[in-house]
Each structure stands twice: as structure tokens, then as C-alpha cells.
Amino acid sequence: MNRILILTGKAVVGILRLFRRNAGNLPGIILWHLTKGKACSMFRVDCPIIAVTGTNGKTSVTNCIAQLFEQSGKKIIINREGNNLDTGICSLLLRYCDSSGKVDADYLILETDESHVPVVYSQLKLETLIVLDFFRDQLDRNGEMETLIQKINGFCKTFEGNLILNGDDPNTARLGRANPANKNVKYFHAEPYAFATDTIYEASEGRFCPFCGSSLEYDYYQYSHIGRFRCPKCGFGDYKPYITASGIDLDKPVFTADGHEYSTKLNSIYNVYNMTAVVAAAKLYGIEQSVTDSVINNYTVNNGRMEKFILGDRETTLNLAKNPVGANMTLRVMNEQNGEKELLFVLNDNVADGLDVSWIWDINFTIFERVTRVVTSGTRAYDIAVRIKCSGYPAEKITVRPELDDAVEELAKTPGRKFVIANYTAVQPTRSALKRYIAKHGGECGE
Ligand SMILES: [Zn+2]
């Protein structure tokens, strides 16, 4: 039976290839139906599986960990295209297995959607789970965040493998108590960077102890609810970090983790957290220091995350923001920039965006500093304009241009530093519009 199902799935992959179609999730979806949701249990995986989950940073961390092993000469399988649901992972395994379902690799490194962790790893034996953070994200897809955390917590209750957790996120760190018998729980943590604050900066979750309900006390906040916290009553948050990032200087940008200095290409505090998670994985698996250096110091992204463009001669940074934290983070990076600047915000409400755009009300626009003009665009250009106006920003400085090309022209017509924020389905069209502008008026597309 197993063999027939595997061969059916492989046939679907083959047929799609024949038509030059990327198989994507489809073979997995078919197998999922044939097995009544147990598709991942069809495979025989003897190598260690490392999974990365969390709201933000999954793709970066998964790719970097994969590189740690690749550069160490190991054969890895990774869902690089971000097919991170059970059906996507199943499609990936179909591609790499033999007709008996055996998957041949040294390591499987799998970005895994938060809500799919229990489903996938009740069927495949997981060795290491890395949990980066939990933020409110695409509400109508995932349901409330607490439900999501409960799901993963339920999985962690019986999980005995390595659990690497962001110790500065109470939503994540609490998973460390799910299974008191698990001796393989490890936390990563970062010391305050220059823009850490004493008080919380943005609307966010996680301010109360999940165990006793007391208010959590913070030594500092890095961004949103991420920071060094403790529960004064039950001691939640008193852990000894496995890896600590210190000496964080985003101007250079450098940071030290586990006593070793890294100089990275990305200058955001979230990159420091992501790379600290990567250092934790490197330490756990005994990766050579020279390999870890090469991976972390060279890692860069080119997918609308802090991507640089020059429009004519105007320096422009594009950032994807699919949730309030991402957007707040971009606003913060923008504030850290001296001088005046202008913002283009592109908001779509397509199905993949989750239709519900209410998350924009959790973006803290009151932190705007020296933002002299805002242009809005996308299918919900007016909604985002209203949101910004309601934060107290002067209406006369906001221009609505629903068509993207018009919006980019509008943004670039004045000199100075530009920032662009685009949500999920808006980011690729926005990149294209920026490139069209550059093709027409000159400039540069860079990283
Ligand atoms: Zn407590």
C-alpha cells in the first residue's frame, strides 16, 4: 500500500514536471487525501530532522542552518521554497525518496509553519526544534496566537529532543516548561542594543506570566515584547542562556555570540536574534567555527527584506511586513536613520494576505520621527492612509496612489531618503514597480 501511494505521488510530480510546472504542494495534497492526513508517515527518514518555526525569521534561519551543514560537506534536504505546511513537506519528501519511501540525506532541515509542527512531527521523528518567536500574524489563518502556542506546547509536552528557544520572548520561552523531563532545552538571548528601551514600544502580546498571571518585569525591551523578562512571583524567565549575543553594534554591524565576534551584512536587531539561533544550532551540532563565520558573515537576503534600491539618486529600502511587528521594526529602522525621510506603504488584502487588514491598527505610527511625507498604495491604499491619519500624522502629508507605478513616481519625485513597506502579496509587485521606475529614470537595484 505504502509503495503504491509513494509511486502515485511521484507520478504526479513527474507529470507536473512534464508540463514544466513546479510541483509545489499539489503532490503532497493528493497524498494527504489518499492517506487521510497521514502523508508524512509514509516516508522512512533515518537521518536527524531539524525544524525551524516561529512567526518571523523562519526562512533566514532555515537557510543558514542548511548552509552550516552544506559547507561542512553534508547532504541535506531543505524546503527552500518555503513550502512549510504538512503538504509542502510531504511534496518535498516525495521528490527525494525512493520507491519504498526511504529518504536519503544526512540532515533534513525543514522550515515548518507554526500550526503544522504537531501534525508533521507526530509522523516524522524530530531531533531538534528551534522556535524563534510568536507574534500575532495573519489572524484569520492561524487563529488566536494563544491557541497556536497551546498547540506547540502540547507537542512539546512529550517531545524529548533538542528544543532551542528564544529566551527573550516569553511566548516562546514558556515552551521550555512544557516537558519538565526534557533535559535538552536550550535558550538563546541577546543583551540590549543601542535602541533597547525601558518601556514597551509597540502594542503587543505576552506581558503577563503564562504560569501565574503576574505582570512580567523587563530589564529592557529590544522590540515589541522581546527583551529580558522575569516573573517576580514564579521565576519564569530565570534560565541560563546557552548562547548570549552581546556587543551588538548595528552601525558596523557586528555582534558577539558565545564569545566570538561576527560581522554581518544585515543591520537589524532581528537579524541578530536570527543569527544567534543559528549560532545555537552550530554549537549543538559541533560545526567548525570557520564554517559558522562564513555562513553568518555572508548571509544576506534579497526578497524584500531590507532590500536596497536607488531610485534615480534616492536611496530606498524595501521591507516586507506581513504583521505589525515587521512593520514596527521597519519604522524603527527608519527612525534610527538621521535626517528626513519619506515612506511608501503598500497594503493589499488578497487571500494570501489573510483578507483581514485589522493588523494595521497594531502598527505604532506615533513613533514617526522626521517622516516628512507618506504615500500609500495597494488594494487597501485608503485603509492604510486612514490608519496613519488616525495616529495623529498630518493628513496633508499623506498622498494616496492606489496604482503602484503612480505611487513610486510620487515617492521618487522629491529628493531624500525613502522607505517602502509592503505586505505579503504586495512585495513582489512593489519590487517590480521599483525596477520599472529604475529602468525608466535610472538608478540601481542592489541588495
Ligand atoms: Zn509567573
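Quick note: residue numbers are just sequence positions, from 1. Indexing begins at 1, ligand by ligand and atom by atom, following the structure's order.
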For a quick test of your reading: what N or O donor-acceptor pairs under 3.5 Å do the side chains of residues 37-50 make, sequence neighbours left out?
residue	atom	partner	partner atom	Å
S41	OG	K38	O	2.5
D46	OD2	K102	NZ	3.4

field: Test item: V371 and Y393 side chains (from C-beta on) under 4.5 Å apart, heavy atoms
entry: yes

T376 side, atom OG1; R387 side, atom CZ - distance, nearest 0.5 Å: 13.5 Å

- request: Would you verify whether the NZ or CZ of R174 falls within 45 degrees of the ring axis of Y187 while also being under 6.0 Å from that six-membered ring's centre?
  value: no

- prompt: Do K58 and E114 meet the salt-bridge criterion of a basic N to acidic O distance under 4.0 Å?
  reply: yes

statement: Any protein N, O or S atom under 2.8 Å from the Zn ion (ligand 1)? Found C209 SG, C212 SG, C231 SG, C234 SG

field: Y107 six-ring face occupied by K75 cation (under 6.0 Å, within 45°)
entry: no

